[in-house]
Amino acid sequence: MARKKFVCGNWKMHKTVGEALALVAELEASLKEAAGRVQVAVAPPFTALKPVADAIGHGGSVELAAQDVHFEKQGAFTGEVSATMLADVCCTHCIVGHSERRQLFGETDESVNKKAKALLAAGVLPIVCVGETLAEREAGQTLAVVGRQVRGGLAGLSPDQIGRLTLAYEPVWAIGTGKTATSAQAQEVHAAIRALLRELAGGVADEVRIQYGGSVKPENAAELMSQPDVDGALVGGASLKADDFSKIVKGAIR
Ligand code: PEP
């Protein structure tokens, strides 16, 4: 069965509540025709999750994702938010292991793994990000690095749990740089990730969506997502403008 494409906008540290509500209203209006054909989510900052959840309601054309989570259920972890809290504000998904978290905030494969488990236990679906740096690509280590991140991030998960998550391949050198992987470069890594998922979870591997992320724009989205193992996109900068993000979503429809 064909995998439904899944496009998620990562708003990072952008948008006040008012700005977030305006953007999501524009998106809902322009994505009506794509509803049901492409799965769409947006990941606002924590402060805007609840207002955006209230605005989109259940079963609308746009779902809600968080950008990060803490793996403990509760406790003395100043500044952190638990998976239960995300479920409480109707997040269906949560990004984990984003390269900015890995590079700037000390995220490791081990913490990604704990976060994925905590999210699954709370009924929030993880979007697990992996990707190599430019130096790693130039040293020919891309598949080794990505393989290590996938194995580490998914360690101890059952095939059923793996079947519920999404992976996002985001080459670090392509994030926010305007440099995009070619569709052939993306497909090569996505196919390798799928082969690894088959090893870890058997036939479930064919159901797991693998998004591409890294300077996805209206101009390159359709080509990237036409690749057999590219099942959608994780979009940063271009998700901040309703028009660009809608065009990217529409690029997922064949
Ligand atoms: C991201 O941060 O997940 C991302 C892909 O950013 P951009 O689209 O801006 O490269």
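Indexing begins at 1, ligand by ligand and atom by atom, following the structure's order. Note that the structure is a prediction, hence the values are computed from the model and not measured.
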Checklist entry - With under 30° as parallel and over 60° as perpendicular, where do the rings of H93 and F6 fit, or are they tilted in between? => result tilted
Checklist entry - Counting heavy atoms not belonging to E19, are there more than 12 under 6.0 Å from its CD? => result yes
Checklist entry - Considering K217, Q67, E100, H98, which one's heavy-atom position lies nearest to atom 1 (C) of ligand 1? => result H98
Next on the checklist: Heavy atom to atom 8 (O) of ligand 1, shortest distance: which of G214, G131, A233, G236 holds it?
Outcome noted: G236
Checklist outcome for this item: atom 3 (O) of ligand 1 sits nearest the protein heavy atom E170 OE2, 2.7 Å
Listed pairs under 3.5 Å, donor-acceptor, residues 72-86 side chains, sequence neighbours left out:
unit_1	atom_1	unit_2	atom_2	d
S82	OG	K73	O	3.4
S82	OG	T84	N	3.4
S82	OG	M85	N	3.1

Checklist entry - Quick one: does ligand 1 sit under 4.0 Å from the side chain of A174, the backbone, both or neither, non-hydrogen atoms only? => result backbone
Checklist entry - Going by atom types only, do Q67 and W11 share a side-chain donor-acceptor pair under 3.5 Å? => result no
Item to check | Proximal atoms of ligand 1 relative to L234 (non-hydrogen, under 4.0 Å) | outcome: 3 (O), 5 (C)
Checklist entry - Are E132 and Y169 close enough that a side-chain donor and a side-chain acceptor fall under 3.5 Å? => result yes
Checklist entry - For atom 10 (O) of ligand 1, which of G9, G176, C8, A168 has the closest heavy atom? => result G176
Next on the checklist: How far is atom 9 (O) of ligand 1 from the closest protein heavy atom, and which atom is that?
Outcome noted: G237 N, 2.8 Å
Next on the checklist: Q149 vs D109, test: side-chain hydrogen bond (donor to acceptor under 3.5 Å, both in side chains). Steps then yes/no.
Outcome noted: CA-CA 6 Å; Q149 292 171 335; D109 292 336; 5.0 Å; no
Checklist entry - Without hydrogens or angle criteria, can the side chains of Q103 and S99 be said to hold a donor-acceptor pair below 3.5 Å? => result no
Next on the checklist: Below a 4.0 angstrom heavy-atom separation, can you tell me which part of N10, side chain or backbone, both or neither, approaches ligand 1?
Outcome noted: side chain
Checklist entry - How close does the nearest protein non-hydrogen atom get to atom 2 (O) of ligand 1, and which residue and atom is it? => result K12 NZ, 2.5 Å
